[in-house]
Structures are given as C-alpha cells and as structure tokens.
Number of protein chains: 2
Amino acid sequence: MATGRTHRPATRSRGIPEATVARLPLYLRALTALSERSVPTVSSEELAAAAGVNSAKLRKDFSYLGSYGTRGVGYDVEYLVYQISRELGLTQDWPVVIVGIGNLGAALAGYGGFASRGFRVAALIDADPAMTGKPVAGIPVQHSDDLEKIINEDGVSIGVIATPAGVAQQVCDRLVAAGVTSILNFAPTVLSVPDGVDVRKVDLSIELQILAFHEQRKAGEEAGAESGPDSGTDTGAPAAPPAARTAGGSRKGPDGDVPAVMPA
Amino acid sequence: MATGRTHRPATRSRGIPEATVARLPLYLRALTALSERSVPTVSSEELAAAAGVNSAKLRKDFSYLGSYGTRGVGYDVEYLVYQISRELGLTQDWPVVIVGIGNLGAALAGYGGFASRGFRVAALIDADPAMTGKPVAGIPVQHSDDLEKIINEDGVSIGVIATPAGVAQQVCDRLVAAGVTSILNFAPTVLSVPDGVDVRKVDLSIELQILAFHEQRKAGEEAGAESGPDSGTDTGAPAAPPAARTAGGSRKGPDGDVPAVMPA
DNA sequence: CCATCTTTGTGCACGCGTTCACAAAGACAT
DNA sequence: ATGTCTTTGTGAACGCGTGCACAAAGATGG
C-alpha cells in the first residue's frame with residue numbers, strides 16, 4: 001500500500017547503463033582536476049586510477065558515449081570534460097529548491113558542491129514561520145505556503161528534501177504536484193512517487209549501519225575462535241568484540257559495490 | 001597511482017550478499033516503525049511494501065539470516081528487529097568521531113539518526129584552533145592534534161570525514177594509522193586506504209548530477225523533435241531517441257539500482 | 001485427524017555489470 | 001612507407017543480483 005512502485009525494470013536510459021551514469025560524475029571530477037593542472041591528455045589507466053575504478057570498466061563506460069579517445073595516446077581531457085558534462089546535462093542551469101532548513105538543510109544550502117557544476121539553489125523553503133525571511137547561506141528562507149509558486153516561477157525540476165521523516169512524503173507530494181520530477185531525499189523514509197519521477201535517497205544512518213556490519217565482522221573474525229557467534233537461537237550479544245584494530249592487512253576489504261543510496 | 005586498490009573481489013561477507021546487507025537497515029527501519037505501533041507479526045508482502053522492495057527479494061534476504069518466519073503467518077516483528085540488529089552489530093555501542101566541523105560536520109553532529117541505533121558521537125575534531133572547545137550540538141570540539149589520543153582512548157573504529165577535499169586523504173591516513181577501520185567519507189575525493197579498511201562515500205554533488213542526467217533525458221524526450229544542442233562532429237546527439245512515448249504514465253522510471261555511494 | 005488455506009523458503013532462469021584478453025587503430029620513429 | 005609500439009574499443013565469459021513460480025510448512029477450521 002505504501003510504495004505502489006514495486007518491481008522496477010532497471011531501465012537502461014538511452015543505451016547508457018545506469019551503473020555507467022553513476023560513474024560519469026566520478027570521471028568528470030577527476031578530469032576537472034586534470035584540466036586545472038593543464039594536463040592535455042590522459043590514458044584510461046591513469047584516469048581510472050584517479051577515479052578509483054578499473055581501466056577496462058572506464059573504457060567500456062566511455063564507449064557508451066562514443067569513441068572519444070585516440071589509440072596510442074589516450075583521451076583529450078578538455079574534450080572529455082565537455083562531452084561528459086553535456087551527457088550529464090551540466091551544460092545547462094538547474095535550479096534546485098531545498099525544503100526543510102534545519103541543520104542539514106542549512107548545511108546543504110551552504111555546500112559548495114551544489115553551487116558548482118550548474119546547480120543553483122533557487123530557494124530555501126521551511127514550514128517554520130520563524131525562519132521565513134531569515135537568510136541562510138545568503139539566501140532568504142521562504143515559507144512553505146509559497147512552495148508551488150516558487151517552483152512554477154523558477155521552473156524548478158529538482159527538489160531536495162531535508163525535512164523530518166514525518167512530513168517528507170507530504171512535502172514530496174507537493175513538490176511533485178507542483179512539477180518537480182527529480183527528488184533527492186535525505187529524510188529516512190521511503191517515498192512514494194508516480195512514474196516518471198526520479199527519487200534518489202541519501203541516508204546517513206544506513207551508511208553507518210553498513211559500516212557497523214563489516215566492522216563487527218572484522219572484529220568477530222579477528223577474535224577468531226570457532227564459528228559464527230550466532231547460529232544458535234539467541235546468543236544475546238555476541239559478547240564484546242575485543243577492541244579490534246591492528247590492521248592485519250590480510251583482510252580482503254569487505255566491500256562490494258552496493259547501494260544504500262538508490263532510487264525509490 | 002592513487003588508489004592502489006584496483007579490482008576488488010566483491011567479497012560476500014560471511015555468506016550474506018552485500019546487496020542484502022545494504023537493505024537490512026531498510027527493513028530494520030520499517031520493522032521498528034511496526035514495533036512502535038505494537039504490530040506483532042508482519043508478512044513479507046506487507047514488510048516489503050513498507051520498505052519499498054520486492055517481497056521475493058525480502059524473503060530471500062531474510063533466508064540468508066536464517067529461517068525466522070512462520071509459514072502461513074509471517075515474521076515476528078520483535079524477534080526480527082532483534083535478529084537484524086544483532087546481525088548489523090547494532091546491539092553494541094559504536095563510538096564515532098567526526099572530523100571537520102564545518103557546516104556539514106556540525107549538521108552531522110546534530111543529526112538524530114546518528115545518535116539513534118547504537119552510534120555515539122565520541123568526539124568532534126577540527127583543525128581550526130578557533131573551534132577548539134566550542135560546543136557543537138552539545139559536544140565540545142577538540143583539536144586535530146589530539147586525534148590519535150582520542151581514537152585510542154575511546155576505542156573508536158568508525159570515523160566520519162567531513163573536511164574539505166584537500167585534506168581528506170591526509171585525515172584519512174591519520175585515522176587509519178590510529179586504528180580506525182571504517183570510514184564514512186563526505187569529502188569529494190577518492191580515498192586510498194589499505195586492505196581491511198572499509199570506506200563508504202557519500203557525495204551530494206554526484207547524486208544531483210545523476211538526477212540531472214535523467215532530468216535532461218526526460219526533457220529531451222518530451223521536447224522530442226531535434227534536440228541535440230550540439231551534436232557536431234560524431235554521433236553527437238543521436239538525435240531524438242524517437243520521442244519515446246509521452247508521459248502516458250507508462251514511463252518506466254529511469255531508475256535502476258546503482259550506487260553513487262559506494263565503497264572505496 | 002484431515003482438509004484447506006496462507007505464507008514462507010528456494011530452485012531456476014534471466015539480465016546486468018564486470019573483467020579479461022585481444023584485435024584494430026593510430027602515433028611515432030626510421 | 002613501413003615497422004614498431006602504445007592504447008583504445010569491444011567480443012565473450014563469468015558472476016552476482018533479481019524475480020518468478022512453486023513446493024514445503026504450518027496454521028486454522030471442521
């Protein structure tokens with residue numbers, strides 16, 4: 001009853017795999033750094049190292065965009081910056097509204113990463129009348145009553161939700177009704193949206209929990225001993241995982257490439 | 001030359017797939033909500049809806065933890081909350097340090113989601129002497145000179161980096177040297193860490209860029225016709241991907257389950 | 001005790017993403 | 001021009017994750 005948006009097709013947008021799209025910003029950042037250092041060209045191997053990915057993956061990613069490299073030489077940094085920027089839609093201006101100007105919302109408003117790359121904070125919106133008019137990061141907060149008006153006037157299509165979980169869905173509904181079709185959600189809730197609206201979710205608590213899982217496992221393994229702490233019915237707290245530490249070094253990074261931040 | 005940590009094995013921690021681990025916090029949140037409403041049992045279908053996932057996927061996820069359900073009835077909410085909490089290592093206390101108390105760091109310090117679920121902000125650390133001693137979210141900021149001491153004394157194994165990108169790697173190195181084995185990185189940089197250390201990355205800018213990509217695609221499709229702002233030489237804009245169908249509602253959400261927040 | 005009904009747990013198939021490995025392409029030197 | 005050397009672009013194989021569909025399990029009612 002909640003989501004209504006159960007299985008998803010993992011659509012491949014215009015032939016570019018989602019996994020690739022998610023990495024393009026990473027490449028772009030690395031390329032921008034090279035550009036600032038006036039590096040003219042870069043090989044897939046170098047760029048891959050800078051972006052923290054496998055070079056074959058990088059080449060395949062770029063192959064979805066076209067053949068922008070020169071065999072025997074590498075990629076032209078400036079050209080690639082332009083192509084990726086264009087592909088990501090960063091050559092145009094994206095007005096963004098941030099709803100919920102609490103600690104997090106205020107931090108986001110002042111976050112440099114937003115302002116860079118074509119994103120412009122068009123408005124800060126909060127439901128608290130006491131906040132209205134107060135400047136945050138140089139932008140005056142507006143009251144949520146005007147949400148629809150603001151979105152329409154500025155042609156905003158991307159909204160950031162930084163409200164408490166309780167009102168997130170409701171804010172989301174209003175944003176969507178007003179015309180927003182992409183939402184970045186910081187509230188710890190599953191948002192339900194109609195088809196055609198993108199939602200990406202960032203949940204700090206979830207990230208920590210995932211780290212805790214691996215951390216616990218590391219501690220447990222190191223404590224060595226026999227099997228799993230659990231397996232039994234209860235076992236209560238697996239007992240103090242001895243103050244881990246000591247990089248044994250051999251641990252094979254319990255990573256993997258999993259979300260935690262994902263659509264819907 | 002940066003990472004030094006190229007290909008990764010996508011380790012399957014103790015038999016539990018990473019993808020599943022990443023969803024456990026999601027289930028836990030939904031279950032906690034049910035628990036607060038004193039709901040005794042829940043079916044996979046209901047819980048899946050609340051968590052925004054497919055019910056078959058949820059059942060398979062739980063099957064990795066063991067057989068905690070009762071056929072014909074469903075899952076016992078309280079029991080499941082306990083099992084998942086234990087599996088994630090949330091039954092113990094995790095002291096966390098936050099390094100870099102700027103806008104974002106301060107917001108994180110005050111973020112409720114941290115304090116909940118077993119995570120305790122053990123210390124706030126900043127390199128600015130002017131910040132030292134100043135209380136943020138009720139916790140006095142300490143100078144980064146004492147970083148190692150703080151980590152050792154409190155047995156901190158999880159660190160949060162909220163510094164500018166320029167010093168992130170350096171802070172990371174110190175954290176790792178001091179014994180931290182899990183890092184949540186908010187700085188827009190690829191961190192290089194030794195094996196055995198987990199890094200999860202949250203990049204707000206990347207999330208927005210991914211949204212922009214889909215947003216552009218939606219706009220392009222709608223505008224149908226020409227498109228290609230440039231196209232120029234090569235493939236250029238493969239010109240109107242046949243103006244897909246309109247918003248006939250049939251738009252199949254350009255989602256997919258991709259990171260943007262991921263290890264390393 | 002048996003029948004029926006609900007819901008779990010999972011075998012299986014499919015598709016996406018990753019990685020390897022190599023041929024094609026071009027730069028560069030001779 | 002021709003040969004060599006570097007690096008791209010990609011075909012193919014593999015593995016993980018997802019979702020279907022169903023048999024097994026147990027609750028419930030007669």
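Heavy atoms only: backbone and side chains are in, while hydrogens, waters and symmetry mates are out.
Rounded to whole angstrom, the span from the CG atom of A:Leu65 across to the P atom of D:dT8 amounts to 15 Å. Between the CD atom of A:Glu18 and the P atom of C:dT18 there is a distance of 12 Å, rounded to whole Å. Rounded to an integer number of Å, the gap from A:Tyr64 OH to C:dT18 P is 9 Å. One interatomic measurement links the two molecules: OH of A:Tyr68 to P of D:dT8, which rounds to 16 Å at whole-angstrom precision. Taking atom CZ of residue B:Phe62 and atom P of nucleotide C:dT8, one finds them 10 Å apart after rounding to whole Å. In this structure, CG of B:Asp76 is placed 15 Å from C1' of C:dT7, rounded to the nearest angstrom. Nucleotide C:dG11 holds its P atom 19 Å from the NZ atom of B:Lys57, rounded to whole Å. Whole-Å rounding puts the B:Glu45 CD to D:dG19 P distance at 13 Å.
Counting heavy atoms from C-beta on, the side chains of A:Val53 and A:Asp61 never come closer than 4.5 Å.
Judged purely by atom type and a 3.5 angstrom limit, A:Gln216 uses its side chain to pair as donor or acceptor with the backbone of B:Arg86. A side-chain donor-acceptor contact under 3.5 Å links A:Gln169 to the backbone of A:Ser192.
Nearest-nucleotide mapping onto DNA chain D: of A:Gly74 and B:Asp61, the residue sitting toward the 5' end is A:Gly74.
Each of A:Val171, A:Val199, A:Leu184 was evaluated against A:Ile161; a single residue qualifies, A:Val171, per the side chain to side chain contact (heavy atoms under 4.5 Å, CB included) test.
For B:Phe186, there are no ring-ring contact (aromatic ring centres under 6.0 Å, His included) partners two or more places apart in sequence or in a different chain.
Side-chain contact, A:Ser35 with A:Glu78: a donor N or O sits under 3.5 Å from an acceptor N or O. Side chains of B:Glu36 and B:Thr32: no donor on one and acceptor on the other come within 3.5 Å.
Counting non-hydrogen atoms under 4.0 angstrom, B:Tyr75 reaches the backbone sugars and phosphates but no base.
Between B:Ser43 and C:dT7 there is no side-chain N or O to OP1 or OP2 distance below 4.0 Å. The phosphate of C:dG17 (OP1 or OP2) has no side-chain N or O of A:Asn54 nearer than 4.0 angstrom.
Of the candidate nucleotides D:dC20, C:dA21, C:dT18, C:dA21 has the atom nearest to the side chain of A:Ala56.
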Its contact letters, B for base, S for sugar-phosphate only and - for none at protein heavy atoms under 4.0 Å, make nucleotides 22-27 of chain C read --BB-S
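Contact of A:Lys60 with C:dT18 (side chain to base): no donor-acceptor pair of N or O atoms is detected under 3.5 Å.
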